[in-house]
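All residue numbers refer to positions in the sequence shown, counting from 1.
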Amino acid sequence: MRLDHKSTYLRTLSERGFIHQMTDAEELDKVLAGDKPVTAYIGFDCTGPSLHIGSMVQIMLLRHFQQAGHKPIVLMGGGTTKVGDPSGKEESRKLLSDADINANMASIRTVFERFLTFGDGPTDAVMVNNDDWLQGLGYIDFLRDIGPHFTINRMLTFDSVKLRLEREQPLTFLEFNYMILQAYDFLELHRRHGCQLQMGGSDQWGNIVNGMELTRRLDGANLYGLTTPLITTADGAKMGKTAEGAVWLNPGQLSGHDYWQFWRNTQDADVGKFLKLFTDLPLDEITRLEALAGSEINEAKKVLANEATRLCRGEEAAAEAAETARKTFEEGATGSGLHSIEVSSEDLEKGVPFIDLLVQAGLCKSKKEARRLVQQGGARLNDQPVGDVERKVLSADLGNGGDGDAIKLSAGRKRHALLRVA
């Protein structure tokens, strides 16, 4: 992607690797380089109480947008969540109640408040719920006014539709309407907030173009679109996917230590890319860090983990997670920030199967996996190898290498949890 953009925003995105596609790139660059703030939006689902790390690229897009002197809109899909975006999905989503959607929205907002400044100023971010306009639509009126601008022929060409049809998986009429509703969102945001730009992942390109064309036909306005590439790790895996599941942004779904540790475990080849995408560090500092070789690259990974955690969880959480990691890995101690589980003193007196605790702590997905881990020598109790699949954890283990009130469980060298007495 070219690096000679006139606007600060596109220049930043280009240098840091955010840009995949743009509509009318030169005109968009000219608009963004103008004297007035531009308004842009990205839409987010409310299907759960937290977004996961796959949304971080989009959140950072909005952060850089505001830092460049523009106004970001965080569009929460309170209305479209009732339908479900079929993009990238192989089956229909569970339908949620209004109460569930509103609770999820309130929880998700707490993450955005760490990355953006909200308020009433010309460049302050605003959070908008598309249910505000979608819930009041009259079905017949909507079909008559908006429906003629979409053809079934073209809708069938979208990847989100083709994927389901090719695999002979159900695609409900409800979901089929999603792309029309998202296009309508762009129209409404242009009318209500003067929004000129929609951004999103590469899978949203068709939906973005739909919104642009709908607004041009109905209001004669020229709007713009920008998408980011699919972020993959050096081994080709989709970024953010781990053996333990999704990496959640909210602390209620994932501890600060586990969030920090995800970034610390970044592959060597990805450190530079992730520093550019997921931190605010200047590019010259990133160049220095990614050039570190051998064991020194671990220092760059710690910087990545500290900076990414600080942005998402705050300074205190980042410092606590880093200290927990230092104690755990460098001193062999049981850091207080580790994920912990509890058992009763009565159960511990009788003895609790070690493999059961590995599963309960989330270190293994099943007893079968836990047995295999023990048999292969990858399981530890208070930093001591456990080779007996019948091993039981007892209250005596509290004083046998533990810290007195906790027992340390480990799967491999990097994944740990604490067992405490309830």
Original post:
How many angstroms lie between atom OG1 of T279 and atom CD of E285, to the nearest 0.5 angstrom?
Top reply: 9.5 Å

**OP:** Any ring pair (Phe, Tyr, Trp, His ring centres under 6.0 Å) involving residues 58-80? Give me the pairs, sequence neighbours left out, ordered by first then second residue.
**Re:** Y9-F65, F18-H64, F65-H70

Subject >> Test log, rule side-chain contact (heavy atoms from CB on, under 4.5 Å), inputs T81 and L96 >> reply: CA-CA 8 Å; T81 296; L96 302 177; 4.3 Å; yes

**OP:** Sort out for me which residue in L277, T266, I53 forms a side-chain contact (heavy atoms from CB on, under 4.5 Å) with M239.
**Re:** I53

Original post:
Checking S50 side chain against L249 main chain: does a donor-acceptor pair fall under 3.5 Å?
Top reply: yes

Original post:
So, for L62 and P72, which heavy atoms are closest and what is the spacing to 0.1 Å?
Top reply: CD2-CB, 3.8 Å

Original post:
What is the minimum heavy-atom distance between R391 and L381, and which atoms define it?
Top reply: NH2-CD2, 3.1 Å

Original post:
With R114, which residues qualify under salt bridge (charged side-chain N to carboxylate O under 4.0 Å, His left out), at least two apart?
Top reply: none

**OP:** Would you kindly say whether D258 and S255 are connected by a side-chain donor-acceptor distance under 3.5 Å?
**Re:** yes

Original post:
Who pairs with D100 by salt bridge (charged side-chain N to carboxylate O under 4.0 Å, His left out), at least two apart in sequence or on another chain?
Top reply: none

Subject >> Point-to-point distance, once rounded to the nearest 0.5 Å, from OH of Y184 to CG of L134 >> reply: 7.5 Å

**OP:** First locate atom CG of N250, then atom OG1 of T110, and finally report the distance between them rounded to the nearest 0.5 Å.
**Re:** 4.5 Å

Original post:
How many angstroms lie between CH2 in W205 and CE in M22, if you round to the nearest 0.5 Å?
Top reply: 9.0 Å

Subject >> L311 side chain near M60 side chain, heavy-atom distance below 4.5 Å >> reply: yes

Original post:
Taking atom types as modelled and ignoring hydrogens, do the side chains of D29 and S7 form a donor-acceptor contact shorter than 3.5 angstrom?
Top reply: yes

Subject >> Validation row: V128, H193 side chains within 4.5 angstrom (heavy atoms) >> reply: yes

**OP:** Would you confirm whether S14, through its side chain, and L10, through its main-chain N or O, come within 3.5 Å as a donor-acceptor pair?
**Re:** no

Original post:
Taking it one step at a time, do V343 and L357 satisfy side-chain contact (heavy atoms from CB on, under 4.5 Å)?
Top reply: CA-CA 9 Å; V343 297; L357 294 174; 4.0 Å; yes

Subject >> Sub-4.5 Å side-chain heavy-atom contact between V374 and F354 >> reply: yes

Original post:
Does any pair with a residue in residues 276-300 pass ring pair (Phe, Tyr, Trp, His ring centres under 6.0 Å), and if so which ones, sequence neighbours excluded?
Top reply: W263-F278, F274-F278

Subject >> Nearest-0.5 Å distance that lies between atom CZ in F186 and atom CG in L223 >> reply: 4.5 Å

**OP:** Kindly give the heavy-atom pair with the smallest separation between A411 and L373, and that separation in Å.
**Re:** CB-CD2, 3.6 Å

**OP:** Evaluate side-chain contact (heavy atoms from CB on, under 4.5 Å) for W248 paired with V111, printing each intermediate quantity in order.
**Re:** CA-CA 11 Å; W248 300 104; V111 168; over 6 Å; no

Original post:
Looking only at atom types and distance, does a side-chain atom of N130 sit under 3.5 Å from a main-chain N or O of D185, one as donor and one as acceptor?
Top reply: no

Original post:
Considering residues at least two apart in sequence or located in another chain, which fulfil the side-chain hydrogen bond (donor to acceptor under 3.5 Å, both in side chains) criterion with R109?
Top reply: E113

Subject >> All salt bridge (charged side-chain N to carboxylate O under 4.0 Å, His left out) counterparts of R313, not counting sequence neighbours >> reply: none

Subject >> Min side-chain heavy-atom separation T23-I208 under 4.5 Å >> reply: no

Original post:
Do Q204 and N207 have side-chain N/O donor and acceptor atoms under 3.5 Å apart?
Top reply: yes

Original post:
If you measure from CG on L275 to CG on L281, what distance do you get to the nearest 0.5 Å?
Top reply: 6.0 Å

Original post:
Does D397 reach the main-chain N or O of L394 with its side chain, forming a donor-acceptor pair under 3.5 Å?
Top reply: yes

Original post:
Going by heavy atoms in the side chains, are V74 and I108 under 4.5 Å from each other?
Top reply: no

Original post:
Which pairs with one or both residues in residues 282-327 pass ring pair (Phe, Tyr, Trp, His ring centres under 6.0 Å), sequence neighbours excluded?
Top reply: none

Compile the donor-acceptor pairs under 3.5 Å between side chains in residues 225-234 and protein atoms, sequence neighbours left out, one pair per line.
| from | atom 1 | to | atom 2 | distance (Å) |
| --- | --- | --- | --- | --- |
| T227 | OG1 | Q21 | N | 3.3 |
| T228 | OG1 | Q58 | NE2 | 3.0 |
| T233 | OG1 | D235 | OD1 | 2.4 |
| T233 | OG1 | A237 | N | 3.4 |
| T233 | OG1 | A237 | O | 3.3 |

**OP:** State, with a plain yes or no, whether a side-chain heavy atom of L409 is found less than 4.5 Å away from one of I341.
**Re:** yes

**OP:** Start with the C-alpha distance between Q66 and T117, add both sets of side-chain angles, then the distance that settles side-chain contact (heavy atoms from CB on, under 4.5 Å), and finish with yes or no.
**Re:** CA-CA 8 Å; Q66 187 170 52; T117 300; 3.9 Å; yes

Original post:
Can you tell me if K392 uses its side chain to pair, donor with acceptor, with the backbone of P353 under 3.5 Å?
Top reply: no

Original post:
Just by modelled atom types, is the V38 backbone N or O under 3.5 Å from a matching donor or acceptor in the Q196 side chain?
Top reply: no

Subject >> Partners passing side-chain hydrogen bond (donor to acceptor under 3.5 Å, both in side chains) against R63 (at least two apart in sequence or in another chain) >> reply: D280

Original post:
If you look at every heavy atom in A370 and L358, which pair is closest and at what distance?
Top reply: CB-CD1, 4.0 Å

Original post:
So, do N298 and R264 sit near enough that their side-chain heavy atoms are less than 4.5 Å apart?
Top reply: yes

**OP:** Considering non-hydrogen atoms only, spot the tightest contact between M127 and F118 and give its length.
**Re:** N-CE2, 3.8 Å

Original post:
Mind checking whether M76 and D131 have side chains closer than 4.5 Å, heavy atoms only?
Top reply: no

Subject >> With N306 via side-chain hydrogen bond (donor to acceptor under 3.5 Å, both in side chains) - residues at least two apart >> reply: W260

Original post:
Can you name the salt bridge (charged side-chain N to carboxylate O under 4.0 Å, His left out) partners of K367, sequence neighbours left out?
Top reply: D356

Original post:
Partners of E315 by side-chain hydrogen bond (donor to acceptor under 3.5 Å, both in side chains), sequence neighbours excluded?
Top reply: none

Original post:
Minimum heavy-atom separation for L363 to S410, with atom names?
Top reply: CD1-N, 4.1 Å

